[in-house]
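Everything below concerns the one structure shown next.
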Amino acid sequence: MIVVDTGNHIAALAAKMAKPHVIAAYPITPQTTVVERLAQYVESGELNSEFIRVESEHSAMTACIGAAAVGARTFTATSSHGLLLMHEMLHWAALARLPIVMVNVNRAIGPGWNIWSDLNDSMAQRDTGWIQFYASSNQEIFDNVIQAYKIGEDERIRLPVMICYDGFILSHTSMPVEVPKQEEIDDFLNEYKSTWQLDINNPITHGNIVPPEPYLEIRYSMEKAMKEAKKVIEEVGEEFGRKFGREYRLVEEYRCDDADYVIVTMSALAAEAKIAVDRLRDKGNRIGLIKLRTYRPFPHEYLKYDKMIVIDRAFSPGLGGIIYSEMEMDGKEVYGFIAGLGGVDINYKDIEKMYEYAKKGKDGWYGIEVK
Amino acid sequence: MIEKTAISIPTEGAMGKTGTWRVFKPILNKEKCVRCWRCWVFCPDLAISRGDYPVIDYEYCKGCGICANECPTNAIKMEREEK
Amino acid sequence: MLKEIIFYGRGGQGAVTAANLLASAALKSGNRGVQAFPFFGAERRGAPVKAFARISNEEIFLRSQIKEPDIVVVLDTGIMDVIDVTAGLKKDGIILLNSYKKPVDFSFPYKVATVDATSIALKNDIRVGGIPVVNTPMVGALVRILNGVKLEALKEAIRERFGKIAEKNERAVEEAYNKVIL
Amino acid sequence: MAIKDLPTEEYILKGHAGCPGCPVTIALRIALKALGRKTILVIPASCSAVIQSLHPKTSFNVPTLNIAFEASAAAASGIASALKMLGKEDIIPVVWAGDGGSYDIGLQALSGALERGTNFIYVCYNNQMYSNTGIQRSGATPYGAWTTTTWSGKKEMEKNLAEIVMAHHIPYIATATIAYPEDLYKKMKKAREMKGPRYIEILCPCPPGWRFDMSKTVEMSRLAVQTGAWILYEIINGKIEFTADSKRLLEGKERKPLEEWLKMQGRFRHLKEEDIQKIKESIDKKWEFFKQMNLRQKL
């Protein structure tokens with residue numbers, strides 16, 4: 001069935017179809033309609049979940065942790081300052097190896113208040129141990145949320161998963177989305193089974209004081225799971241493709257085969273960049289696109305082209321564009337652009353211009369340093 | 001498989017034999033004991049159990065002296081433990 | 001020459017303060033490099049704790065824990081049931097024990113010194129919350145064993161640190177210095 | 001009920017990491033006797049996080065979730081909802097938090113969980129300071145008390161969390177302290193048998209923090225009640241009842257002089273006469289408040 005709806009409503013629909021036992025969420029622009037729609041599902045009886053109307057995002061994440069710790073599948077959604085408030089508990093969820101699934105609607109950080117798209121909120125959570133997906137369309141939002149449960153809950157992984165997408169650009173834009181039948185989703189997802197849980201018949205304690213050496217091992221185990229996740233994400237993406245006709249990998253490669261230059265970016269910008277690639281190709285330029293689907297784990301193995309143009313909608317003050325900074329650059333020509341922060345509109349023509357600048361050996365803050 | 005996370009298993013003596021922490025040792029004089037069980041209920045270290053009379057577990061008693069202080073008949077005395 | 005000392009004690013006995021007092025006394029005695037630091041564990045009254053001290057003629061760049069001490073100071077011999085206090089101790093190392101017993105009563109393959117610091121602490125009324133605090137007498141005894149740290153320097157360090165209760169601690173230090181059995 | 005009638009079941013194991021003479025362990029021991037094995041403990045950063053002992057061992061014999069300092073009530077909300085969905089509502093989440101985690105940093109999550117009607121018991125064991133980090137002042141530290149962040153004595157009066165909780169109109173609120181184990185047990189038991197949010201605050205005199213001999217923990221707790229500094233009551237659906245020695249004080253028995261309690265504690269050693277007067281006045285006011293509440297409901 002094809003549904004035309006906003007990214008937020010599609011995220012809510014996907015969450016509903018994954019049948020979480022517990023949802024705990026707090027409204028924040030531009031995520032609010034996710035929470036509203038889920039509340040509606042629960043109150044109308046369409047979704048049999050406990051919906052906890054928490055008093056803050058910190059509590060939203062904590063409630064999900066509590067619920068997951070007794071063996072429940074959970075969901076939450078947030079954005080921007082809400083995500084920043086959760087930061088402490090993001091670490092907690094990941095170190096506790098609880099496969100919570102969360103949607104983050106990317107929005108800039110204040111002050112001053114800015115409600116428009118900017119990926120700095122979620123990219124700043126890169127070290128928390130969450131798997132991060134970035135979507136470029138409402139279809140991907142849906143598909144990523146469903147796959148997130150399967151990936152996070154995989155016994156080789158057991159990490160929480162964040163699905164990110166641009167505020168307003170996707171969250172409030174209606175697009176067609178192919179929605180599978182509930183039975184198909186049920187069949188695709190396994191019944192949730194946690195590997196550890198608080199159980200009166202086996203009264204373990206979770207999270208008491210851990211001495212240095214075992215702590216090191218716990219951290220190492222997270223890293224192993226993240227590395228393993230690369231494999232599992234592609235396995236699950238392939239199975240998803242077999243079932244639903246849309247296959248996914250860590251990245252999406254677009255017209256890269258004979259490319260001299262490859263654009264590297266993610267989220268809505270990556271969709272816009274396809275148009276730029278097509279137009280530039282039409283004019284005889286050999287250019288391709290790598291759309292990062294996951295930011296954590298970081299898919300280094302796909303970023304192997306000689307000349308790459310990285311477009312970041314986020315930056316680390318004192319360092320530069322974040323994806324750009326994480327690239328392995330040995331022997332490669334890599335150009336980094338910072339563009340579209342705080343919702344500055346970037347279209348395919350802007351991306352074409354960035355290509356032209358890169359060809360001249362220029363890069364930097366688009367619209368300020370290069371214009 | 002339980003992945004590595006901070007899971008801990010209930011264990012007696014998780015901090016070892018805490019009786020070694022003691023400087024003063026409670027000694028019960030049964031003749032004075034009226035079996036009110038105040039020593040039992042107030043022991044933070046679960047080191048006093050209820051038999052016919054209170055039984056002190058010196059392996060775990062940390063020697064705080066609450067039992068002696070709370071005993072209504074002074075049936076428990078704290079004595080310096082030589083080491 | 002670098003001297004490395006580990007203090008084994010229990011929360012409340014003042015092992016960390018002992019290390020600090022020693023470092024301060026060592027500096028006053030003319031050593032350029034001194035260092036004192038605790039091993040931060042789950043510190044509770046009564047729970048085993050560990051503190052480290054280093055003394056040298058030169059600036060100390062070591063920031064790691066002491067693995068091969070020259071001297072170990074045991075503030076509470078009850079700890080020896082759970083911790084091997086001789087672990088890593090150098091061949092010619094010394095063990096200083098808080099005990100009423102004599103060194104010959106212990107069968108370590110090391111030099112042993114003893115001092116009944118608990119009695120000294122109780123006698124001088126050095127207690128916190130009912131627990132005799134044996135750190136100052138133990139450092140007093142240690143200074144006797146160590147070359148290069150003066151008793152007067154230790155007393156000065158105690159005066160600087162303790163204010164009103166310095167006097168009884170000074171007495172305890174002096175007593176331990178004189179009573180330690182080598 | 002006499003002490004001998006308390007159950008002999010224990011849910012804490014010997015050889016834990018609590019300080020000698022620790023009131024929190026006494027309180028938890030008695031509380032768990034009433035709560036029983038179908039309990040999930042939620043513990044924020046606090047002394048109780050340490051008392052459990054070190055990973056991979058624990059001294060607690062009921063399932064226990066440690067959680068961030070400010071977050072315990074929210075974690076309990078999540079647990080309560082999950083237990084409902086999983087058909088395990090016979091199990092109860094019990095938050096076991098200190099005054100730092102309740103009065104201060106955890107207040108928002110606590111208020112939220114109470115307002116949402118979370119089916120849980122929240123226990124604040126109040127030792128009137130941040131004991132675990134080495135004796136710093138909290139919102140529960142009384143006026144005049146020395147701590148390592150109030151060297152010359154706290155300049156402000158403590159707040160009263162139970163009164164803040166009252167504004168949430170929850171089914172059960174009670175205060176307790178370790179010197180009255182039967183009273184504590186009964187209140188825990190009563191709370192266990194009810195539904196919805198339940199709040200119990202237990203005064204826990206801390207020997208290292210309050211500066212007194214570790215053998216006097218229970219005595220200090222008892223004197224707090226007998227001098228009127230700590231009031232034992234329960235409020236069931238808005239109706240207040242005084243209990244144990246506090247009931248006797250309400251009925252006219254004379255309070256012991258407050259000085260008896262203050263002078264036993266090193267943290268109050270520096271108090272001047274006017275400081276003591278000020279504390280006495282605040283205690284009188286507290287009693288007046290509860291007496292009025294008692295009278296109002298009798299009319």
Side-chain angles (χ1 to χ4, degrees), chain B residues 4-29 32-33 38-49 54-83, chain C residues 8-15 41-50 73-85 95-103 105-106 108 112-135 137-138 181:
Chain B
K4 287 239 189 299
T5 182
I7 288 171
S8 298
I9 309 298
T11 312
E12 187 175 298
M15 283 306 276
K17 304 284 189 210
T18 51
T20 62
W21 300 18
R22 206 167 48 231
V23 180
F24 297 94
K25 180 178 185 176
I27 308 285
L28 173 73
N29 177 352
K32 284 193 182 174
C33 174
R38 291 177 67 79
C39 56
W40 166 76
V41 80
F42 291 129
C43 178
D45 294 300
L46 304 99
I48 298 179
S49 54
V55 181
I56 303 174
D57 184 346
Y58 292 110
E59 283 205 326
Y60 291 109
C61 162
K62 292 173 187 158
C64 67
I66 290 178
C67 53
N69 197 63
E70 288 303 311
C71 179
T73 59
N74 285 320
I76 301 177
K77 286 265 168 298
M78 299 303 288
E79 286 182 8
R80 168 85 191 278
E81 205 166 21
E82 300 290 346
K83 282 184 200 166
Chain C
Y8 291 98
R10 299 194 175 281
Q13 289 179 328
E43 279 176 47
R44 296 285 96 180
R45 267 194 177 181
V49 296
K50 205 154 83 158
V73 181
V74 182
L75 278 65
D76 185 331
T77 50
I79 272 174
M80 301 194 301
D81 299 340
V82 277
I83 293 168
D84 176 12
V85 297
I95 308 172
L96 171 62
L97 301 169
N98 170 16
S99 175
Y100 68 95
K101 293 182 192 166
K102 293 193 175 65
D105 298 333
F106 295 89
F108 290 110
V112 175
T114 59
V115 63
D116 188 0
T118 307
S119 294
I120 296 172
L122 288 171
K123 187 179 146 199
N124 289 289
D125 192 30
I126 311 174
R127 291 197 208 203
V128 173
I131 297 176
V133 184
V134 296
N135 58 354
M138 286 307 283
I181 310 172

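The sequence lines fix the lettering, A, B, ..., with proteins before strands; numbering per chain opens at 1. All values below come from the heavy atoms of this structure, side chains included, with hydrogens, waters and symmetry mates left out.
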Kindly give the heavy-atom pair with the smallest separation between C/Pro132 and B/Phe24, and that separation in Å.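 Scanning both residues completely, I find the closest heavy atoms to be CD-CE1, 4.2 Å.
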Could you pull out all residues at least two apart from B/Thr73 that satisfy side-chain contact (heavy atoms from CB on, under 4.5 Å)?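 B/Thr73: side-chain contact (heavy atoms from CB on, under 4.5 Å) contacts with B/Lys32, B/Val34, B/Cys71, B/Ala75.
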Applying salt bridge (charged side-chain N to carboxylate O under 4.0 Å, His left out), can you list everything that pairs with B/Glu59, at least two apart in sequence or on another chain?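 Testing B/Glu59 for salt bridge (charged side-chain N to carboxylate O under 4.0 Å, His left out), a comparison that skips the adjacent residues, returns B/Lys17.
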With rounding to the nearest 0.5 angstrom, report the CZ to CG distance, B/Arg80 to C/Leu122.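 Rounded to the nearest 0.5 Å, the CZ-CG separation comes to 5.5 Å.
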Main-chain N/O of C/Gly78 paired with B/Arg22 side-chain donor or acceptor, under 3.5 Å: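 Side chain of B/Arg22 to backbone of C/Gly78: no pair is present.
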